[in-house]
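These values consider heavy atoms only, across backbone and side chains, with no hydrogens, waters or symmetry-generated copies. Residues: numbered from 1 along the sequence shown. Keep in mind that what you see is a predicted model, and the values were worked out from it rather than measured.
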Amino acid sequence: MKPSTHIPEPEDSVCLAYGRQVKELLNVGNPPEMLDHLWSIYSDAMAFQQEAGHNPRVSDIFMTFRELVFFIQRIESVKA
């Protein structure tokens with residue numbers, strides 16, 4: 001028996017919906033601009049964090065930021 005490589009229909013529709021959302025996001029700005037904005041947002045948040053005091057979620061916030069940066073970089077490489 002040969003394993004199926006077809007993605008089930010509901011997963012196809014989810015992937016298409018994600019693709020539409022990414023396309024809409026890219027209509028707002030290009031990947032280099034987005035990366036610049038992400039760095040600004042993150043830098044401002046970290047500067048505020050120093051004034052506000054300890055945040056137990058700071059490592060989670062960094063991991064989310066890092067994944068967003070990697071995602072935008074992957075999008076940029078696909079568009080090239």
Side-chain angles (χ1 to χ4, degrees):
M1 180 181 249
K2 190 176 182 179
S4 175
T5 58
H6 178 69
I7 299 172
E9 191 62 38
E11 195 170 326
D12 283 346
S13 62
V14 169
C15 289
L16 288 172
Y18 284 148
R20 284 190 295 273
Q21 292 299 313
V22 170
K23 183 178 179 180
E24 190 174 314
L25 182 64
L26 291 173
N27 286 334
V28 174
N30 62 43
E33 286 175 335
M34 289 179 187
L35 284 174
D36 187 45
H37 294 168
L38 277 174
W39 277 108
S40 293
I41 293 166
Y42 183 75
S43 298
D44 290 347
M46 290 301 102
F48 172 76
Q49 194 60 51
Q50 289 179 352
E51 295 175 19
H54 176 70
N55 180 351
R57 295 180 46 229
V58 74
S59 62
D60 294 334
I61 292 167
F62 172 76
M63 294 303 285
T64 300
F65 166 75
R66 186 186 78 159
E67 291 305 314
L68 280 169
V69 167
F70 289 160
F71 178 76
I72 299 294
Q73 289 172 335
R74 286 190 303 270
I75 293 297
E76 186 174 24
S77 70
V78 169
K79 287 187 78 173

Discussion item. Suppose we screen for side-chain contact (heavy atoms from CB on, under 4.5 Å). Which residues come up paired with F62, at least two apart in sequence or across chains?
Written reply: Y42, F65, R66
Worksheet item: Which atoms form the tightest heavy-atom contact between P31 and I72, and what is the distance?
Response: O-CG2, 3.5 Å
Worksheet, complete the sentence: Sorted by chain and residue number, the side-chain contact (heavy atoms from CB on, under 4.5 Å) partners of Q49 (sequence neighbours excluded) come out as N55
Discussion item. Please say yes or no: joined through hydrophobic side-chain contacts below 4.5 Å, possibly via intermediate residues, are M46 and V69 part of one cluster?
Written reply: yes
Worksheet item: Do the side chains of W39 and L25 join up, straight or via other hydrophobic residues, at under 4.5 Å, putting them in one cluster?
Response: yes
Worksheet item: Honestly curious: do M63 and V58 fall in one hydrophobic cluster under the side-chain, below-4.5 Å linking rule?
Response: yes
Worksheet entry | Criterion side-chain contact (heavy atoms from CB on, under 4.5 Å) on M34 and L26, from CA distance to verdict | CA-CA 9 Å; M34 289 179 187; L26 291 173; 4.0 Å; yes
Practice prompt. Quick one: do E76 and L35 satisfy side-chain contact (heavy atoms from CB on, under 4.5 Å)? Show the steps, please.
Written response: CA-CA 10 Å; E76 186 174 24; L35 284 174; 4.1 Å; yes
Practice prompt. Mind checking the CG-OG1 spacing from L38 to T64? Nearest 0.5 Å is all I need.
Written response: 11.5 Å
Fill in: Nearest-0.5 Å distance, CG of residue L68 to NE2 of residue H37
14.5 Å
Worksheet item: With no hydrogens and no angle check, is any side-chain donor or acceptor of S43 less than 3.5 Å from a backbone partner on S40?
Response: no
